[in-house]
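Please read these numbers as outputs of a predicted model, since none were measured by experiment. We name chains A, B, ... by the order of the sequence lines, and we start the count at 1 in each one.
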2 protein chains.
Amino acid sequence: MSKNVDIKRAKILEVAKRRFAHFGMAKTTMAEIAKDLSFSKALLYYYFPDKHSLYTAVLEYVINEMINKVDTYMANASDVEHAILFAIESRMETMRENYNLFEYSSSLFMQNPGELGKNLGPFFDRVRDQFSRILAIGVNNKEIVVDDVEETAELLLFSLMGMRTGVLSKDLSDCLFPTPGEFDLILSKQKRMVKIFIRGLRP
Amino acid sequence: MSKNVDIKRAKILEVAKRRFAHFGMAKTTMAEIAKDLSFSKALLYYYFPDKHSLYTAVLEYVINEMINKVDTYMANASDVEHAILFAIESRMETMRENYNLFEYSSSLFMQNPGELGKNLGPFFDRVRDQFSRILAIGVNNKEIVVDDVEETAELLLFSLMGMRTGVLSKDLSDCLFPTPGEFDLILSKQKRMVKIFIRGLRP
DNA sequence: TTTTTGAACTTTTAAAAGAATTAGTCAATA
DNA sequence: TATTGACTAATTCTTTTAAAAGTTCAAAAA
């Protein structure tokens with residue numbers, strides 16, 4: 001039966017997530033994860049073909065949680081602006097809790113964004129699709145007017161990314177590690193950004 | 001008299017600019033610049049204390065040109081939207097023409113944004129100030145309503161930066177070198193972004 | 001006094017080699 | 001089918017060394 005396999009896989013993901021979120025991809029070894037689970041390294045490779053697959057699986061796991069959380073909120077959301085504000089707050093919270101998990105992706109992106117497109121691209125797309133859905137609701141409610149919803153969602157997402165890189169470039173921090181204070185600053189700028197952006201889409 | 005010194009400095013800047021814009025900071029040696037000017041390397045150090053100062057001076061020179069160009073346009077600009085669109089087009093043109101000049105800054109930023117803050121920060125501030133001035137004109141003309149002009153200008157600038165990093169992360173290129181096609185894509189996204197943003201500031 | 005230079009000096013970068021760590025494989029086993 | 005210890009292969013880290021490039025300076029030329 002594949003039930004046991006799934007359970008074991010989930011167990012591995014849980015443990016790997018802790019390691020990755022704490023120490024990041026580079027500073028986590030397969031041996032350590034195996035030791036945490038108190039079984040051999042070879043068994044890890046029985047359940048996941050390689051380290052990268054494991055990392056990607058953890059990433060997907062975390063992003064799924066995030067997206068589902070926002071989706072459930074959307075079910076009884078009043079208006080677009082609040083929905084998007086909730087979405088970016090959730091996103092920030094997830095990044096804060098699992099920072100080193102994402103740090104690897106973004107540092108990988110720095111060096112070679114092309115490669116990352118294949119790895120992280122799908123996840124980006126899913127977040128963008130969620131933004132599209134939120135905007136679509138707003139269009140339905142006659143709150144906003146948008147000709148190309150997907151493209152506009154991407155525009156919004158890119159802008160939000162800009163707040164992040166913008167804040168990190170101005171502050172004197174060591175780049176890839178936003179301090180708690182920086183997280184707050186980024187989020188506050190993103191909120192103001194969203195308000196202007198949504199207002200710009202109003203009829 | 002310091003007239004001759006200034007003339008010589010300008011000559012050096014002109015030659016250095018060509019080198020930096022073509023081959024970038026890393027792939028340009030002081031010896032090469034000196035050779036281009038057909039005088040000794042030591043004389044370069046008589047006019048500029050070190051390579052970094054020379055690079056910074058060139059950067060300032062180029063950015064001055066850009067800012068002045070936009071300022072003269074602003075003198076007889078009709079409305080905010082057109083002024084900003086003109087500004088981002090000029091900016092893109094300058095970056096296209098001197099790409100390797102800026103490439104050094106942005107690659108430096110990747111590794112250690114803190115350091116860059118001291119070096120490139122002032123230039124960023126000047127561009128942001130220009131954006132502030134443009135927005136202020138719009139506020140004066142009752143075209144838009146903005147409570148904190150400087151902050152809003154920064155928001156806009158960060159968003160525009162986001163278009164750049166966003167496009168570069170999705171495309172499969174080798175990061176730091178946008179192809180001509182990517183330049184166009186970035187610019188078109190920035191334009192759409194600006195229109196929404198400005199609309200969001202309208203009364 | 002100001003401008004210019006050749007030659008030295010110092011610091012960075014690049015390449016090579018070697019050691020150590022870690023990813024990934026496989027035959028054997030329970 | 002699930003599990004392992006022992007093996008191999010790839011990667012990263014460190015050290016070393018040589019070359020290149022940045023920087024300084026005493027002295028000459030203007």
Calculate the interatomic distance between A/L44 atom CG and C/dT22 atom C1'; express it in whole Å. 13 Å
Take the protein atom CG of B/L37 and the nucleotide atom P of C/dT4, then report the distance between them rounded to whole Å. 11 Å
Which nucleotide sits closest to the side chain of A/Y45: D/dG22, C/dT25, D/dA2? C/dT25
Looking at every strand, decide which applies to A/S53 at a 4.0 Å heavy-atom threshold: base, sugar-phosphate, or nothing. nothing
Keeping the roles fixed (side chain from A/T28, backbone from A/M25), state whether a donor-acceptor pair exists under 3.5 Å. no
Kindly say if B/Y46 contacts the phosphate of C/dT4, meaning a side-chain N or O under 4.0 Å from OP1 or OP2. no
How close or far is atom P of C/dT25 from atom CE of A/M30, stated in whole angstroms? 10 Å
Are A/I84 and A/L156 side-chain neighbours, meaning at least one heavy-atom pair lies under 4.5 Å? yes
Residue whose nearest DNA chain D nucleotide is more 5′ - A/K27 or A/S38: A/S38
When we call it a touch if two heavy atoms are under 4.0 Å apart, what does B/F48 touch: a base, just sugar-phosphate, or nothing? nothing
Atom-pair distance (NE2 on B/H52; P on C/dT11), nearest Å: 18 Å
The single option from B/L59, B/N98, B/L54, B/L13 passing side-chain contact (heavy atoms from CB on, under 4.5 Å) against B/F20: B/L54
Heavy atoms only, 4.0 Å cut-off, all strands: where does B/T29 land among base, sugar-phosphate and nothing? sugar-phosphate
Whole-Å distance separating the OH atom of A/Y47 from the C1' atom of C/dG24: 18 Å
Looking at OG1 of A/T72 and CD1 of A/I67, how far apart are the two atoms once the value is rounded to the nearest 0.5 Å? 12.0 Å
Please state how far atom CG in A/L54 lies from atom C1' in C/dT22, giving the value in whole angstrom units. 15 Å
Do the non-hydrogen side-chain atoms of B/T29 and B/F23 ever get within less than 4.5 Å of each other? no
Of C/dT5, D/dG5, D/dT23, the nucleotide closest to the side chain of B/L43 is C/dT5
Taking OP1 and OP2 of C/dT4, is either one under 4.0 Å from a side-chain nitrogen or oxygen of B/K8? yes
Would you mind telling me which residue lines up with the more 5' stretch of DNA chain D, A/F39 or B/D50, judged by nearest nucleotide? A/F39
Protein-nucleotide distance (A/K35, atom NZ; D/dT4, atom C1'), rounded to Å: 17 Å
Presence of donor-acceptor pair under 3.5 Å, side chain of B/K41 and base of D/dT23: yes
